[in-house]
Asker: 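Sending over a structure as C-alpha cells; questions will come in a sec.
Please read these numbers as outputs of a predicted model, since none were measured by experiment. Just so it is clear: chains get the letters A, B, ... in the order the sequence lines come, proteins before strands, and each one is counted from 1.
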Amino acid sequence: MKSELIWRGFVICFILFLLLPAVIVIPASFNGARILYFPPRNISLIWYQEYITGSTWLEPTRLSFVIAIFSSAITLAIATPAAFALTRIQFVGRDFFKTMFMLPWVAPQIVVATGIYILLLRLHLGTPRWAILLAHVTISFPIALLIISSGLERLDKDMEDAAASLGASQAIIWRRVIIPSILPSLLAAAMLTFIISWDEVLFAWFLGSSKGPTLPAKIFSYLQIGATPLPAAISTILLSITGLVVSIGLFFRSRISRKETI
Amino acid sequence: MKKKKITPFIGYICSTPGILLITFFSILPFLMVAVEGFQVDGKWSLDNFIVLTQGRLYRIVFRNTVQISLQVTLMCLVLSIPVAIYSAKDSGRWAPLIMTGVFASFWISILVRTYSWLVILAREGPINDLLLAIGLISQPQTLLFARPGALVVMVNVMLPYMALPLIGFAANNIDWELIQAAQSLGAGGLRILWKILLPILLPGIIAGSFITFMISLSFYITPMLVGGPREIMISKQIDQELNRLFDSGRAGSLSILLLLIVFVTVFITMLSMKYFERRQQAKISFGI
C-alpha cells in the first residue's frame, strides 16, 4: 500500500533526523582551514593535532574523565543501598523518600546550579572540583536509582528462597544469587552515570573555574567565541569514546547474561 | 522456612546518603536562591522582583521563554504523533526498535548534537550548499542565530523527550485493528485521527508535552549556542546576572520566576489530566 511506504519513510526520516546530524562532525573535523566547509576542504589532521598537543585540551579531558569515573562510583555507592531500601525494606516514609529521590530530575538545573554557586560563594569555597563531582552525582542519582531498583524488582525471589531452603546463609545468598542477578543493572547504571558526567555541560560551566575546566565546559566556552573544526575533531573523539564505552558495556552484559543461562 | 524481615532501621541507614546528597545539592541550593532573590546588599527587599516587572528586557525574556518552549513543544508533538501511531502497527512490533533508535540520540552529548547543527547550518555548510545548488538562493544565508534555525536545533535536541513517552504510550494503547475497522466503515484519515487516535493518545500527549515543555523552559546550552539575541531565554539571563553582572539577587529572583512558571505548568498539566480523565469516565458511564 502506498501510504504504508509514506508512513515508513516518515519514521525512517524521523530517526535519521535525530541521529544523522551528529555524524556530520566526523567529516567536518578534517577541514584544514578554520572554516567549516562541507564537504571538507584542505583535508588535514591539524585539528586533531591541536587537540592532542599540549595540555590546553588534554588537561580538561583528563579532568572530565576523572570526575566521570568518581561520579559513577559514588552514584552507584549511594544509589544501590537506596534502591535496596526502597524495594525490599518496609519503613515509614518510604514513599516520601521515593519522591524526594526524584527531585534532581524535576528541578530546573539552572536554578540548582545557581544555588550551589551562591552557596559556595557564601561559604568562600570558590570553585572546587568536588562541587562539580557531587553535582554530577546528584543529577545521575535518580536514573541510577531507577535502573538498579528495576533490576532488584525483577529479581526472582524464588531463587533466593530456594537457596535459603538449601541452607545457604544470608551472606552466600547475597554473593551467589542477588549480586550476580543485578550485575547487568549495575553495569547499565555505571555506564549511564559515566556518560552523564562525561558529557555534562551546565554544572561544569557554572561551578567550574576558567583555569581548570572540564572538557565540555571548555568546548562550550570555545564555541561562544566562534565555531572552528576543532570541536568537530574533539566531538569525533568523544563520540568514539562514548561508542567504545557503550560497546564494552554491551559486551560485558552479554557475557554476564550468557553466564547466567549456564 | 523462616523469612527474615529486615528492620526498618536498615532502611533509613541505606537511604541516608541519598537523602543527604539531595538535601545539600538540590534542596539547599533552592533555598539559597530564594534567599538571594529576597535580598539586596544584605538587606531583605522585594527590589529584585519589582525590577523584573519594569523594563522591556525581563518582559522579553519571560515572553521568549514561554513562547519558544511552546513552539518547540508543539513542533515536537506534530513530528512525534505520526511516528507514535505507526509504532502501534502489528501490535507494536516495531516500537522497541524505533524507541531504541530514538534513545540512541541520548548517547550523543548535547554539545555534539548542538555543534553539529552549527556545522550543518553554517554559511559553508551542506544546507546552504544545497540551496545554492538548487538555485533557491543566490548567496549563502545565515541560517543560525535567528528564530527558525534555533527552533530547528532545539526541536532536534528535544524530540526524544517527546517521542519516547508518546511512542511507548501509543504502542501500548492503540489498537491498529480499530483503525482498520474505522477505515472499512468509510472513515477518512483525518477523521480517524481526530476522533479516534488523538483521544486515545491524549494522556501520552500530555505526558510528553509536559516533559518537553518543562525541559525547554530551563534550556540553557542550545539557545546559548544557536540562538540570537532575540532568542534570549530565562536561563541565559540568569547566567548573565550571575556570572557577568554579578547580581546574585536578580539571578535569584529570575530563578524564582522560573520556578513559578514550572509550578504553574505542573498545575495546569495536573488539571488537564484530571479533566480528561473525568471526560473519559463520563464517556464510559454513558456507554459511548
Side-chain angles (χ1 to χ4, degrees), chain A residues 7 10-11 14-15 17-19 21-22 24-25 28 35-38 78-79 81-82 84-85 88-92 94 97 100-101 103-104 107-112 114-119 134-135 137-138 141 161 164-165 195 199 201-202 216 219-220 223 227 231-232 235 238-239 242 246, chain B residues 1 4 6 8 10-12 14-15 17-19 21-22 25-33 36 79 82-83 86 98 101-102 104-105 107-113 115-120 122 124-126 129 156 159-160 217-218 220-221 224-225 235 238 242 248 251-252 255 258-259 262:
Chain A
W7 280 94
F10 183 82
V11 174
F14 184 85
I15 299 197
F17 175 66
L18 280 176
L19 300 177
I24 205 159
V25 299
I35 306 183
L36 287 159
Y37 288 111
F38 192 85
I78 298 186
F84 183 70
R88 290 180 150 231
I89 306 180
Q90 305 273 39
F91 57 97
V92 172
R94 188 171 73 168
F97 278 15
M100 216 178 134
F101 284 151
L103 215 58
Q109 288 193 352
I110 191 98
V111 178
V112 180
T114 307
I116 299 179
Y117 183 84
I118 294 177
L119 191 60
L134 289 176
V137 172
T138 311
F141 180 76
D161 294 344
S165 71
I195 290 183
D199 289 338
V201 186
L202 198 138
I219 297 178
F220 184 65
L223 282 176
S235 300
L238 286 183
L239 278 176
T242 308
V246 172
Chain B
M1 182 184 56
K4 246 195 334 185
I6 312 177
I10 305 258
Y12 292 114
C14 291
S15 314
I19 295 288
L21 179 76
I22 294 188
F25 277 83
S26 259
I27 300 183
L28 204 57
F30 267 105
L31 294 175
M32 291 305 301
V33 160
E36 283 301 311
L79 288 174
V83 179
Y86 182 80
I98 298 178
V102 174
S105 60
W107 291 116
I108 308 174
S109 116
I110 192 171
L111 263 188
V112 176
R113 279 190 276 163
Y115 171 78
S116 61
W117 281 98
L118 287 175
V119 176
I120 297 175
E124 302 81 17
D129 286 348
N156 179 262
L159 213 45
L217 282 177
S218 40
Y220 175 68
I221 296 154
M224 268 292 254
L225 292 176
S235 310
I238 294 177
L242 198 64
S248 55
S255 301
L258 178 59
L259 283 177
V262 166

Asker: Are the side chains of A/Pro108 and B/Leu259 in contact, using a 4.5 Å heavy-atom criterion?
Answerer: yes
Asker: Let me know if A/Phe17 has heavy atoms under 4.5 Å from chain B in its side chain, its backbone, both or neither.
Answerer: both
Asker: Out of A/Val137, A/Ile35, A/Ile118, which one racks up the most heavy-atom pairs below 4.5 Å with chain B?
Answerer: A/Ile118
Asker: Between A/Leu103, A/Val201, A/Ile78, A/Thr114, which residue shows the highest count of heavy-atom pairs closer than 4.5 Å to chain B?
Answerer: A/Thr114
Asker: A/Leu202 versus chain B, heavy atoms under 4.5 Å apart: side chain, backbone, both or neither?
Answerer: both
Asker: Give, as side chain, backbone, both or neither, the part of A/Leu134 having an atom under 4.5 angstrom from any heavy atom of chain B.
Answerer: both
Asker: Of the listed residues (A/Gln109, A/Arg94, A/Met100), which shares the most heavy-atom pairs with chain B below a 4.5 Å separation?
Answerer: A/Met100
Asker: Please look at A/Ala79 and chain B and tell me whether the side chain, the backbone, both or neither of the residue comes under 4.5 angstrom of a heavy atom of that chain.
Answerer: neither
Asker: Who among A/Pro231, A/Ala135, A/Ala232 has the most heavy-atom pairs with chain B under 4.5 Å?
Answerer: A/Pro231
Asker: Determine whether B/Ser218 and A/Val111 satisfy the following criterion, side chain to side chain contact (heavy atoms under 4.5 Å, CB included), listing intermediate values before the conclusion.
Answerer: CA-CA 9 Å; B/Ser218 40; A/Val111 178; over 6 Å; no
Asker: Taking side chain as everything from C-beta outward and backbone as N, CA, C, O, which of these in A/Ala28 sits under 4.5 Å from a heavy atom of chain B? Side chain, backbone, both or neither.
Answerer: side chain
Asker: So which residue, A/Leu223, A/Ile219, A/Val25, ends up with the most heavy-atom pairs under 4.5 Å with chain B?
Answerer: A/Leu223
Asker: Would you check if A/Phe10 and B/Tyr86 make a side-chain contact, meaning some heavy-atom pair closer than 4.5 Å?
Answerer: no
Asker: Does any part of the side chain of B/Leu159, heavy atoms only, come nearer than 4.5 Å to the side chain of A/Phe14, both counted from C-beta?
Answerer: yes
Asker: What residue in B/Leu118, B/Leu242, B/Val33 has the most heavy-atom pairs under 4.5 Å with chain A?
Answerer: B/Leu242
Asker: Go through B/Ser248, B/Gly18, B/Ser116, B/Pro160 and name the one with the most non-hydrogen pairs under 4.5 angstrom from chain A.
Answerer: B/Ser116
Asker: So for A/Ile116, is it side chain, backbone, both, or neither that comes closer than 4.5 Å to the heavy atoms of chain B?
Answerer: both
Asker: Chain B heavy atoms under 4.5 Å from A/Phe101: which part of the residue, side chain, backbone, both or neither?
Answerer: both
Asker: Between B/Val102 and chain A, with a heavy-atom cut-off of 4.5 Å, which part of the residue counts as in contact: side chain, backbone, both or neither?
Answerer: both
Asker: When heavy-atom pairs shorter than 4.5 Å are enumerated against chain A, which of B/Ala122, B/Ala251, B/Gly252, B/Ser26 gives the highest number?
Answerer: B/Ser26
Asker: Can you tell me which portion of B/Leu258 sits under 4.5 Å from chain A's heavy atoms? Options are side chain, backbone, both or neither.
Answerer: side chain
